[in-house]
Peer 1: 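My questions all concern the structure below.
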2 protein chains.
Amino acid sequence: MAVPYHFSSFVFVFTLICALGVSLGFNSTSDLDDSLVYLWPLPSEFTFGEDVLAVDPDLSLAVGGDGGNSDIVREAFLRYRGIIFKHSTRFSKFRGRSMYDISKIRIIVHSDSEMLQLGVDESYSLLVAKNDDHSIIGEATIEANTVYGALRGLETFSQLCAFDYGTKTVQVYNAPWYIQDKPRFVYRGLMLDTSRHYLPIDVIKHVIESMSYAKLNVLHWHIIDEQSFPLEVPTYPKLWKGAYTKWERYTVEDAYDIVNFAKMRGINVMAEIDIPGHAESWGTGYPDLWPSPSCREPLDVSKEFTFDMVSGILTDMRKIFPFELFHLGGDEVNTDCWNSTPHVQQWLQDHNMTPKEAYQYFVLRAQEIAISKNWAPVNWEETFNTFATNLNPRTVIHNWLGPGVCPKAVAKGFRCIYSNQGVWYLDHLDVPWDGFYNAEPLEGINSASEQELVLGGEVCMWSEVADTSNVLQTIWPRAAAAAERLWSKREATSGKNITLTALPRLHYYRCLLTRRGVEADPVTNKYARQPPNGPGSCYEQ
Amino acid sequence: MAVPYHFSSFVFVFTLICALGVSLGFNSTSDLDDSLVYLWPLPSEFTFGEDVLAVDPDLSLAVGGDGGNSDIVREAFLRYRGIIFKHSTRFSKFRGRSMYDISKIRIIVHSDSEMLQLGVDESYSLLVAKNDDHSIIGEATIEANTVYGALRGLETFSQLCAFDYGTKTVQVYNAPWYIQDKPRFVYRGLMLDTSRHYLPIDVIKHVIESMSYAKLNVLHWHIIDEQSFPLEVPTYPKLWKGAYTKWERYTVEDAYDIVNFAKMRGINVMAEIDIPGHAESWGTGYPDLWPSPSCREPLDVSKEFTFDMVSGILTDMRKIFPFELFHLGGDEVNTDCWNSTPHVQQWLQDHNMTPKEAYQYFVLRAQEIAISKNWAPVNWEETFNTFATNLNPRTVIHNWLGPGVCPKAVAKGFRCIYSNQGVWYLDHLDVPWDGFYNAEPLEGINSASEQELVLGGEVCMWSEVADTSNVLQTIWPRAAAAAERLWSKREATSGKNITLTALPRLHYYRCLLTRRGVEADPVTNKYARQPPNGPGSCYEQ
């Protein structure tokens with residue numbers, strides 16, 4: 001199946017839309033022009049015209065290809081139809097089906113595989129055109145190799161649709177649209193921390209749903225930390241005694257539910273157990289895991305029970321989390337407890353290990369366990385910084401401490417995820433949207449082969465002072481700035497005057513999030529999570 | 001139909017549950033006991049036992065009475081079933097229907113009227129009991145005179161149900177429960193301001209849904225103010241040119257949608273146009289409403305066009321808002337513009353009016369228009385403070401400036417709504433939960449006949465610095481403190497050590513809100529909208 005449009009000069013068009021953005025200004029409300037539809041993140045290649053198309057509120061779905069009949073496609077269509085038609089069109093000026101330009105969305109998916117893994121093909125093409133002599137019938141057509149590409153196409157289509165208050169109709173401006181799109185990076189993540197504060201299932205789902213609006217594709221679930229152990233582990237049923245309360249827990253079925261909810265939106269869930277340094281809560285149910293009752297972290301390296309426990313947890317978690325990456329943490333390991341606890345000290349002596357070597361020993365044994373379960377281990381960068389050469393070559397290095405780590409990691413042949421805390425930690429409230437936007441995962445990496453080892457990046461929502469009350473407003477809209485960096489072409493996001501090329505679109509996108517019920521903060525706040533500084537339009541705050 | 005339980009000593013039971021709350025402490029997480037189920041707001045009368053009942057995930061609905069077949073009941077049942085069964089019970093230890101104690105909820109509604117107005121009967125009785133020799137079959141039974149009473153009973157039932165992580169079953173602790181409940185006040189309101197910041201439809205619905213969890217029953221929609229005019233008015237189609245942007249608007253159908261969504265939850269919508277002082281945005285579409293282009297408020301009192309406009313707006317709004325109260329504002333009227341604009345000054349002279357008299361003239365004409373459309377007018381207290389004796393006797397005085405106004409208003413025979421800004425303005429971030437809780441609408445009013453004129457009260461969410469990003473966390477949990485004051489018996493909420501009788505229940509209720517996806521702030525924050533001050537359990541923050 002070929003899309004019956006042909007365009008060539010995409011660079012020209014990109015320049016044009018930026019120029020449009022500038023001329024429409026957003027400097028005062030009177031400048032707003034509903035003939036402009038902004039997209040976020042910016043597609044890879046696109047052209048558009050000057051038509052205004054009316055979309056039928058009874059928009060129907062037609063599917064094709066081996067994968068078109070997928071429930072993932074069908075449910076996504078229903079979700080997006082709900083998003084597109086939030087306002088009643090009962091008194092639309094376009095009465096009767098024949099009056100609408102777009103009454104059908106055709107989704108063609110070539111592959112019937114619903115396997116969702118790192119690097120799954122998320123590309124799609126989207127055509128939105130009126131029926132005329134030169135084209136097929138008036139419809140929107142999404143063509144993709146996988147259902148996940150189709151999801152990305154639906155998101156883009158939904159962003160093209162705008163409710164017009166004059167005609168009370170959903171319209172697509174600037175048609176015909178022809179978009180060919182694919183992500184720049186395969187890993188576009190957001191981390192949630194459910195240990196410092198428990199997040200109810202509905203809140204996690206709300207975050208996942210919002211991620212899909214920005215085409216993010218990995219939820220890194222930092223489930224457990226020293227403060228609480230909310231997850232059920234059937235093999236070691238006392239572990240979730242480390243939850244704050246009996247009510248702040250996730251059952252195995254809850255975890256399945258989250259993984260499935262995410263999958264339906266093309267989002268992988270990467271689980272983490274942060275060992276050995278961030279695991280005090282494990283000992284609430286099994287105090288033997290502590291070096292001693294008075295010195296509780298890191299996990300006791302001297303006991304086989306500790307590694308039996310790691311293995312048991314990973315066995316149980318493997319059934320829940322199909323993603324090929326598993327995060328083993330490994331950051332901020334203070335070995336004082338090992339040094340000061342007699343039986344651990346004795347074990348170190350017996351094994352002729354320094355505490356630092358014991359740290360390496362722990363991490364490498366945990367890696368072996370993960371690899372034996374067909375996981376590629378992810379570790380925070382301290383493991384790389386401390387004993388890079390001994391890490392399993394399948395290790396993915398997760399940067400956080402600062403810039404310059406991914407260049408070193410990929411130079412040694414490791415894969416890397418970029419999360420430089422100076423720019424991509426959402427709990428750093430003093431980093432504004434452009435700090436997120438300008439962060440470049442490939443900075444300092446010049447060879448193509450090394451660049452390929454950078455899987456992408458992730459914004460991290462550590463929750464010491466974030467809970468249900470404020471987590472969404474801490475995440476958005478800044479996570480969206482990173483999402484465009486990770487999705488769109490480097491030349492579209494770099495070396496530009498982003499106040500002109502990105503900021504107006506981000507304003508628009510933030511308001512789009514609010515219309516969808518996502519509690520996104522004002523874009524131009526000096527500090528994240530501040531209230532708007534006075535009355536005004538969403539599009540200017 | 002008689003509920004086959006009989007209890008007498010309700011005061012005893014109330015004392016008992018408070019004592020339980022104390023003994024269970026909430027001082028540390030280990031004290032938490034899932035055998036305790038807290039209710040918010042506290043029902044009027046209740047007894048309970050010591051049974052633990054398992055609730056069937058296939059819970060079915062049986063209806064009775066003339067009103068049992070209402071869609072309002074059926075849809076509410078489905079909503080609450082979703083709320084009660086958020087966690088999968090696939091691996092529940094109670095397999096097979098026969099193992100469950102409660103497989104059915106029977107809802108008996110005596111009246112088939114779905115009329116929702118001030119004073120609608122919201123009483124209900126709720127019985128949750130195991131089947132045994134002394135009782136009917138194992139089920140929950142709600143009996144109410146109206147569908148709205150049944151909704152309140154469903155909310156209470158949902159609060160009795162708790163997911164037990166041990167058995168993976170929804171359980172009701174302390175059964176049998178027998179509750180007879182009714183509200184203390186007929187008007188239990190929350191005000192939303194969509195002029196200082198536009199709130200999308202989904203956000204307003206989220207607020208309405210959350211109101212139903214606290215048994216609030218009036219959404220006071222402060223739609224329009226000087227900053228923006230978001231509502232469509234068909235008779236004067238240029239009015240919503242005063243919206244911030246073309247996208248920050250409500251169509252007539254949107255407003256219908258909100259009214260209907262609220263009605264399905266037993267919530268009336270009281271609309272407001274705040275005239276003549278807070279109406280600058282009207283003139284964006286119709287500049288003749290301004291005294292002059294440079295002096296834009298209050299509305300031009302000298303022109304008949306101004307009153308034609310008020311009449312036209314009210315005619316259009318009457319079709320949307322069936323509630324018997326309509327808010328005409330009337331606060332903060334600074335008449336300088338009238339004095340300084342020549343043609344208005346001339347008019348004042350011609351009519352032998354001082355500006356203050358013109359203010360009264362405006363308010364009374366607007367009242368007449370509202371009354372002619374069969375609305376009882378509500379006015380902010382300045383109207384009463386300035387010319388009480390001339391107000392239409394049907395006027396409801398809306399207190400806000402401080403204490404002591406309702407006593408004066410009811411002494412003169414007016415009805416009153418209590419919203420003392422020192423304690424019930426949600427935008428006052430320095431008022432903690434107990435400030436809201438201890439506010440007493442009947443303070444200083446001793447005669448029963450005068451007390452009856454206090455319709456109730458309302459918490460006000462002015463939105464100068466609140467928008468989609470933070471409005472829910474500014475409202476909750478403090479609005480819940482007021483909601484219990486307005487629903488529960490005075491003796492249950494007054495003269496107690498509320499740190500023992502209310503605070504632990506409010507902690508529990510705040511966490512219940514978060515489980516339902518409501519972004520409620522920590523209870524014990526010094527200032528509202530602050531983040532939690534560190535890692536910890538929802539039940540302690």
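Lettering of chains follows the sequences in order, A, B, ..., and the numbering in each one begins at 1.
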Peer 1: Heavy-atom pairs under 4.5 Å with chain B are the metric here; pick the option from A:T251, A:T474, A:V203 that has the most.
Peer 2: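 Highest number of heavy-atom pairs under 4.5 Å: A:T251.
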Peer 1: Hey, could you give me the CD/OG1 distance between B:E540 and A:T245, rounded to the nearest 0.5 Å?
Peer 2: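 It comes to 8.5 Å.
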Peer 1: Among the options A:K241, A:Q541, A:Q530, A:K205, pick out the one with the most heavy-atom pairs lying under 4.5 Å from chain B.
Peer 2: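 Of the options given, most contacts go to A:Q541.
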Peer 1: Please flag which part of A:V465 lies under 4.5 Å from any non-hydrogen atom of chain B: side chain, backbone, both or neither.
Peer 2: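 For A:V465, the contact with chain B is made by backbone and side chain together.
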Peer 1: Are any side-chain N or O atoms of B:Y244 and backbone N or O atoms of A:G536, one a donor and one an acceptor, separated by less than 3.5 Å?
Peer 2: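 Here the side-chain-to-backbone pair exists.
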Peer 1: Tell me whether the rings of B:W247 and A:Y508 are parallel (<30°), tilted (30 to 60°) or perpendicular (>60°).
Peer 2: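 The rings of B:W247 and A:Y508 stand perpendicular, inter-plane angle above 60°.
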Peer 1: Between the main-chain N or O of A:G534 and the side-chain N or O of B:H197, is there a donor-acceptor pair closer than 3.5 Å?
Peer 2: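 Here the side-chain-to-backbone pair exists.
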Peer 1: Regarding A:D254 and B:K168, does a basic nitrogen lie under 4.0 Å from an acidic carboxylate oxygen?
Peer 2: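 Looking at A:D254 and B:K168, the cut-off is not met.
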Peer 1: Do A:C538 and B:D467 have side chains that approach each other closer than 4.5 Å (heavy atoms only, starting at C-beta)?
Peer 2: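 Of all side-chain heavy-atom pairs linking B:D467 with A:C538, none is under 4.5 Å.
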Peer 1: Can you tell me how far apart OG1 (B:T468) and CG (A:L513) are? Round to the nearest 0.5 Å.
Peer 2: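 So the gap between those two atoms works out to 10.5 Å.
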Peer 1: Could you look at A:V471 and say if it's the side chain, the backbone, both or neither that has a heavy atom under 4.5 Å from chain B?
Peer 2: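 Looking at A:V471, nothing touches chain B.
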Peer 1: Any donor and acceptor pair, going by atom type alone, linking the side chain of B:E253 with main-chain N or O of A:H87 inside 3.5 Å?
Peer 2: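 Pair absent, no side-chain N/O of B:E253 close to backbone of A:H87.
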Peer 1: Between B:R510 and chain A, which part of the residue has a heavy atom less than 4.5 Å away: side chain, backbone, both or neither?
Peer 2: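 Contact with chain A: side chain only.
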Peer 1: Is a donor on one side and an acceptor on the other found under 3.5 Å between the side chain of B:Y165 and the backbone of A:R249?
Peer 2: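 Yes, because the side chain of B:Y165 sits within donor-acceptor range (under 3.5 Å) of the backbone of A:R249.
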Peer 1: Report the C-alpha distance between B:K86 and A:D202 in whole Å, list the side-chain angles of each, state the deciding distance to 0.1 Å, and finish with yes or no for salt bridge (Lys or Arg N to Asp or Glu O under 4.0 Å).
Peer 2: CA-CA 8 Å; B:K86 283 206 184 291; A:D202 278 10; 2.6 Å; yes
Peer 1: Heavy-atom distance under 4.5 Å to chain B: side chain of A:R529, backbone, both or neither?
Peer 2: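 For A:R529, side-chain heavy atoms alone lie under 4.5 Å from chain B.
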Peer 1: Kindly compute the distance separating OG (A:S469) from CH2 (B:W476), expressed to the nearest 0.5 Å.
Peer 2: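 Answer rounded to 0.5 Å: 15.0 Å.
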Peer 1: Measure the spacing between OG1 of A:T514 and OH of B:Y198 and express it to the nearest 0.5 Å.
Peer 2: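 Spacing of OG1 (A:T514) from OH (B:Y198) equals 8.5 Å.
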Peer 1: State, with a plain yes or no, whether a side-chain heavy atom of A:Q473 is found less than 4.5 Å away from one of B:E519.
Peer 2: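 Contact flag for A:Q473/B:E519 side chains = no.
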Peer 1: Please lay out, stage by stage, how A:R515 and B:E248 fare under the test salt bridge (Lys or Arg N to Asp or Glu O under 4.0 Å).
Peer 2: CA-CA 10 Å; A:R515 284 198 302 273; B:E248 287 164 295; over 6 Å; no
Peer 1: Select one option (side chain, backbone, both, neither) describing which atoms of A:E464 are under 4.5 Å from chain B's heavy atoms.
Peer 2: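 Both parts, heavy atoms under 4.5 Å.
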Peer 1: Go through the atoms of A:P200 and report whether side chain, backbone, both or neither lie under 4.5 Å from a heavy atom of chain B.
Peer 2: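 Only the side chain of A:P200 comes within 4.5 Å of chain B.
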Peer 1: Just so I understand: if I count every heavy-atom pair under 4.5 Å between each of A:Y250, A:F163, A:Y256, A:W240 and chain B, which residue has the most?
Peer 2: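 Of the candidates given, the most pairs with chain B belong to A:W240.
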